[in-house]
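Report on the structure given below.
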There are 2 protein chains.
Amino acid sequence: MAGARRVANDPQRKQRILDAALVVIAGHGVHRTTHRRIAEQAGVPLGSLTYHFESLDAILEQAFAHLGESMSERYGAALAAAPDLAAACAAVTDLICGDEYATEREQTLIYEMYAYANHNATVAETGRRWIARSHASLRTHFSERASRAIDALIEGWSIHQAYERKLLDRTLVLDTVTAIAERLR
Amino acid sequence: MAGARRVANDPQRKQRILDAALVVIAGHGVHRTTHRRIAEQAGVPLGSLTYHFESLDAILEQAFAHLGESMSERYGAALAAAPDLAAACAAVTDLICGDEYATEREQTLIYEMYAYANHNATVAETGRRWIARSHASLRTHFSERASRAIDALIEGWSIHQAYERKLLDRTLVLDTVTAIAERLR
DNA sequence: GGAAAGTGTGTACGTTCGTACACAGATTAC
DNA sequence: GTAATCTGTGTACGAACGTACACACTTTCC
């Protein structure tokens, strides 16, 4: 066949590099994330990173995009499974309190993403899309106004939970979500 | 007099360096904050940073501590000035919506602090103190439960506001805060 | 005056970084 | 087989980094 039809030796390598990047970011922070650390984590040679990605920024951009994608799907699925408003409130409470949807590692990564987004337009766009998708998921159950408030609540409570390193009072969360849902129709 | 009583040439230099550090962090992010950039911003020689601070981490730690301190004071003052519950709700709304208390620059810095705190124990403690002081300020007006919820709301909505780069609906915020204050007594 | 001691700076060193790139290996076309 | 072409890697280089430190300056003490 004319020209090109070569097969990559390791077709999943690119994804493995991105996964490794997230591990490094979560463990060391963006400020200490380097090509070499990612390469070591992924078990690939250094040159492989520059072969697959244009720059370190490009790796971070795609890694964060991947993170946002997978988390949006889980959030969407959790809310889509709720049959009614009460179940949706419970689902939101689970999102906030549980670690089934966002592990501690992912929470760490989200802060890194927010911080990095302030200095990188592409990641800022990724963050906005993540927020928009969360909002859309909430809108299937809650009013526009309630969705906005609950969205903020999820964000803020997740931060506090990560900081205080202790379990949230589930009843308090559920009461708050329910209060917002009922008052902001 | 015996031993030591030398006077520093520039007694405010240490503080100026910390202020410069915050400017650099806000402008470039922690991941691109260096001794040299801070020195340039502060208008002091490079050696001056290593003379006043043990390491770059130490500079960041003290800069973030300074940030938390000054913001806590403003938050506390805003809430202390409120004569009753309704005024407190309005004050919280101002905190979330206005930029009198937290400028856009400071919002950026707070994300940087949260992200960095995940990798630095001292800054993590600074963050916890900031959260504790915010909570204490809220507690002068709101119940324990309402304070927790409102605290999370402030945090989350500030993030969304910074992302969407548009003014929040003040009525929505006030309604939400009031709903929480009334329902979570 | 001179010695002592603390304050502050310029420079230089060793390390680590991002990235370029020559080249090796594999596959295809003939 | 050989040539061509694409995939992938090891190495090396210039730049930027954190930090140490010799030394200059200023003040204090006698």
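Residue numbers start from 1 in every chain, and the chains themselves are labelled A, B, ... in the order their sequence lines are given, proteins ahead of strands.
Residue-level contact check: T50(A) touches the bases, meaning some heavy atom is under 4.0 Å from a base atom. Within the nucleic acid shown, R13(B) comes within 4.0 Å of sugar-phosphate atoms alone, with no base atom in reach, counting heavy atoms only.
Residue L49(A) contributes atom CG, which lies 13 Å from atom P of dC17(C) at whole-angstrom precision. The nearest whole Å value for the distance from the CD1 atom in I17(B) to the C1' atom in dT9(C) is 12 Å. To the nearest angstrom, P of dA20(C) lies 13 Å from CG of L56(A). Taking atom NE2 on H35(A) and atom P on dA20(C), their separation rounds to 10 Å, with Å as the unit. Rounding to whole angstrom units, NE2 of residue H52(B) and P of dG6(C) are separated by 16 Å. In this entry the distance linking CZ of R32(A) with C1' of dG18(C) reads 18 Å, nearest Å. Across the protein-nucleic acid pair, I38(B) atom CD1 and dA16(D) atom C1' stand 15 Å apart, rounded to whole Å. Taking atom CZ of residue F53(A) and atom C1' of nucleotide dG8(D), one finds them 14 Å apart after rounding to whole Å.
When distances are taken from the side chain of S48(A) to each of dT9(D), dC17(D), dT9(C), the shortest belongs to dT9(D). Residue P45(A) places its side chain closer to dT9(D) than to any other of dT9(D), dG18(C), dC17(D). Of the candidates dT9(C), dT19(C), dC17(D), the closest approach to any side-chain atom of R36(A) belongs to dT19(C). The side chain of L46(B) lies closest to dA12(C) when the candidates are dG18(C), dT9(D), dA12(C).
One finds no salt bridge joining E40(A) and R37(A) here, because no Lys/Arg side-chain nitrogen approaches an Asp/Glu carboxylate oxygen to under 4.0 Å. Between R105(B) and D19(B) there is no salt bridge, since no side-chain N of the basic residue sits under 4.0 Å from a carboxylate O of the acidic one.
A cation-pi arrangement is absent between K14(A) and Y51(A), since the terminal nitrogen or guanidinium carbon is not both under 6.0 Å from the aromatic centre and inside a 45° cone about the axis.
None of N120(B), V30(B), T122(B), I110(B) except one satisfies the side chain to side chain contact (heavy atoms under 4.5 Å, CB included) rule with F64(B); the exception is V30(B).
Side-chain atoms of D57(B) and Y116(B) include a donor-acceptor pair closer than 3.5 Å.
Checking R37(A) against G47(A), the closest nucleotide of DNA chain C that is more toward the 5' end is the one next to R37(A).
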